[in-house]
Amino acid sequence: MRKSIDALECIQNKRKFYIVSMSSDDLKEMCFVSRKKEDPIKGFQRLLDKKRAKRITTYLDEEKGIIPSAIIVSAQDNAQIRYDSKSAKLSFEKASESMLVIDGQHRMYGLIDAVNNYEIPVVIFTGLTSAEEVRLFIDINTTQKGVPSALILDIKSQAGTETKLEERQRLLFEHLDEDSVLSGYLLRNESKIGKISRTVFNASTKAIYESGPVATYSDNIIYKTLKNYLEAVDYVFKISANKEARINKTILFKSIMALFNDVCEKCLIKYKDLKVESFKDYLDPLKELNYDEYTGTNKATESKIISDMKNLLKEPMLVDEDMF
């Protein structure tokens with residue numbers, strides 16, 4: 001079955017593509033993700049995240065959301081694409097597996113499961129070789145970067161889509177930026193070396209609200225406790241006389257935050273409070289670490305730092321004759 005739709009022809013660096021609006025019902029019939037002759041499951045694209053696709057379906061059908069961003073496809077030979085410049089019409093055969101999805105596979109699969117039919121913006125490339133399709137996929141997913149996750153977190157409050165936890169973390173972030181040793185080191189909507197981004201901050205502070213000695217207390221108590229803890233950590237780092245011992249170094253911030261709940265519990269047992277001086281005294285052994293040796297930024301390095309810190313903070317168990 002042949003179909004004709006309005007289209008805008010674009011040319012960039014001698015490469016043509018067409019911008020059209022297509023019904024999701026037509027896309028369901030025509031689109032596919034990976035070439036069967038290359039790999040029926042993976043192709044050159046990542047595996048489908050079914051939960052993500054399902055969220056898109058729910059967003060469209062139940063939440064009445066909109067998806068204005070275009071799905072990018074490469075027309076295959078069996079689509080028999082033709083463009084009439086006089087009428088500005090693009091015609092094609094509605095053939096199965098005639099449009100290879102280059103970008104937007106989760107949106108595509110979200111549409112497949114959707115109950116309703118939707119008009120979707122589509123960018124159609126024609127005449128691409130397999131190698132050119134792969135290069136385009138790589139370009140879109142590397143050079144043409146998406147919106148930073150830190151920026152998304154920063155504007156969620158304006159959109160009214162913050163979760164309660166995200167709201168509490170935002171307020172904590174703002175208070176620490178105003179009055180704590182992290183002042184000047186926190187970055188709201190991007191990532192930069194020497195700064196702690198919102199994304200890292202939220203991931204590192206999540207456990208505070210989920211468990212630990214201050215989880216059930218007010219936001220003010222959590223702020224004061226964390227402020228005291230960070231001041232103590234900063235002090236211990238500085239007396240270590242090691243240039244790599246910096247609280248604004250992302251991997252060290254993540255590591256010391258992983259110890260927060262445990263250190264708070266130990267201080268409450270040992271000192272009966274959560275004051276700066278108590279934290280300083282308990283964390284004092286951390287000044288002995290050689291922070292220069294932690295050169296990586298991956299999970300393995302982070303785990304190594306946390307393990308070394310825990311070993312230094314571990315207090316010996318006293319055993320005497322009265323215990324037997």
Side-chain angles (χ1 to χ4, degrees), residues 3 5-10 12 15-36 38-76 78-79 81 90 92-126 128 130 132-153 155-156 159-163 199:
K3 188 164 185 175
I5 56 176
D6 293 327
L8 175 65
E9 182 182 58
C10 296
Q12 292 182 5
R15 172 62 66 190
K16 286 184 182 179
F17 58 89
Y18 303 92
I19 301 174
V20 301
S21 174
M22 294 181 66
S23 74
S24 58
D25 283 348
D26 285 346
L27 289 170
K28 290 176 187 179
E29 291 183 35
M30 302 172 67
C31 287
F32 69 110
V33 170
S34 58
R35 293 182 179 280
K36 287 185 177 179
E38 293 174 354
D39 188 326
I41 303 299
K42 297 180 182 178
F44 58 80
Q45 299 193 349
R46 61 191 166 185
L47 291 172
L48 178 70
D49 182 341
K50 293 182 179 179
K51 289 183 179 179
R52 182 178 171 190
K54 180 61 179 175
R55 286 198 298 270
I56 291 171
T57 302
T58 302
Y59 173 69
L60 286 169
D61 282 345
E62 298 178 20
E63 299 176 20
K64 308 303 178 185
I66 58 171
I67 300 178
S69 53
I71 291 174
I72 301 174
V73 301
S74 172
Q76 307 300 291
N78 60 338
I81 291 280
L90 189 77
F92 51 85
E93 291 291 331
K94 282 181 59 179
S96 175
E97 297 194 358
S98 57
M99 299 282 186
L100 172 66
V101 179
I102 301 292
D103 185 63
Q105 62 168 330
H106 287 94
R107 277 169 280 157
M108 188 63 248
Y109 277 99
L111 289 167
I112 286 174
D113 287 338
V115 174
N116 300 317
N117 183 32
Y118 300 97
E119 283 295 312
I120 303 295
V122 181
V123 172
I124 302 176
F125 282 84
T126 59
L128 295 181
S130 295
E132 287 172 331
E133 288 170 344
V134 174
R135 281 199 294 271
L136 182 58
F137 173 80
I138 292 171
D139 288 345
I140 290 171
N141 286 278
T142 55
T143 307
Q144 301 170 34
K145 293 181 180 178
V147 177
S149 56
L151 176 58
I152 295 296
L153 281 172
I155 63 176
K156 269 190 166 185
T161 59
E162 268 186 327
T163 64
T199 307

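These numbers come from the heavy atoms of this one structure, side chains and all, not from hydrogens, waters or symmetry mates. Please read all numbers here as calculations on a predicted model, not as lab measurements.
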Answer yes or no: is there a donor N or O on one side and an acceptor on the other, between the side chain of [X] and the main chain of [Y], under 3.5 Å?
| X | Y | value |
| --- | --- | --- |
| Tyr18 | Phe125 | no |
| Arg107 | Ile120 | no |
| Gln76 | Ser74 | yes |
| Ser24 | Tyr118 | yes |
| Thr57 | Gly110 | yes |

Non-hydrogen atoms of Pro68 and Pro121 that approach each other most closely: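 Scanning both residues, the minimum pair turns out to be O-CG, 3.2 Å.
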Heavy atoms only: give me the nearest Ala95-Ser98 pair and the separation to one decimal. O-OG, 2.7 Å
Heavy-atom count check: over 12 atoms from other residues, nucleotides or ligands less than 6.0 Å from Glu119 CD? yes
Taking NZ in Lys94 as the centre, count heavy atoms belonging to other residues, nucleotides or ligands within less than 6.0 Å. Is the count above 12?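 Yes, NZ of Lys94 has more than 12 neighbouring heavy atoms, counting only those of other groups under 6.0 Å.
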Going by side chain to side chain contact (heavy atoms under 4.5 Å, CB included), name the residues that satisfy it together with Ser96, two or more places apart in sequence or in a different chain.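 By the side chain to side chain contact (heavy atoms under 4.5 Å, CB included) rule, Ser96 matches no residue at all.
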Taking side chain to side chain contact (heavy atoms under 4.5 Å, CB included) as the definition, give me every residue that meets it alongside Asp25, ordered by chain and number, with sequence neighbours left out. Ser23, Lys28, Asn117
Which residues pass the salt bridge (charged side-chain N to carboxylate O under 4.0 Å, His left out) test with [X], sequence neighbours left out?
| X | value |
| --- | --- |
| Lys3 | Asp26 |
| Asp61 | none |
| Asp113 | none |
| Arg15 | Glu132 |

Ile81/Met99 under side-chain contact (heavy atoms from CB on, under 4.5 Å): CA gap, chis, key distance, verdict: CA-CA 11 Å; Ile81 291 280; Met99 299 282 186; 4.1 Å; yes
Take Phe92 and Ile5 through the side-chain contact (heavy atoms from CB on, under 4.5 Å) test and state the conclusion after the steps. CA-CA 9 Å; Phe92 51 85; Ile5 56 176; 3.7 Å; yes
Hey, mind stepping through Phe32 and Leu100 against side-chain contact (heavy atoms from CB on, under 4.5 Å) and telling me if it holds? CA-CA 5 Å; Phe32 69 110; Leu100 172 66; 3.7 Å; yes
Drop me the distance from [X]'s [atom1] to [Y]'s [atom2], to the nearest 0.5 angstrom.
| X | Y | atom1 | atom2 | value |
| --- | --- | --- | --- | --- |
| Lys64 | Asn116 | NZ | CG | 5.5 Å |
| Ile72 | Ile124 | CD1 | CD1 | 11.5 Å |
| Ile71 | Ile102 | CD1 | CD1 | 12.5 Å |

Any Leu111 side-chain heavy atom under 4.5 Å of Leu60 side chain: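 Yes, their side chains come closer than 4.5 Å.
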Side-chain contact test, heavy atoms from C-beta onward, threshold under 4.5 Å: evaluate it for Arg52 versus Arg55 and give yes or no. yes
Could you please spell out the steps behind the side-chain contact (heavy atoms from CB on, under 4.5 Å) verdict for Thr58 and Glu63? CA-CA 7 Å; Thr58 302; Glu63 299 176 20; 4.1 Å; yes
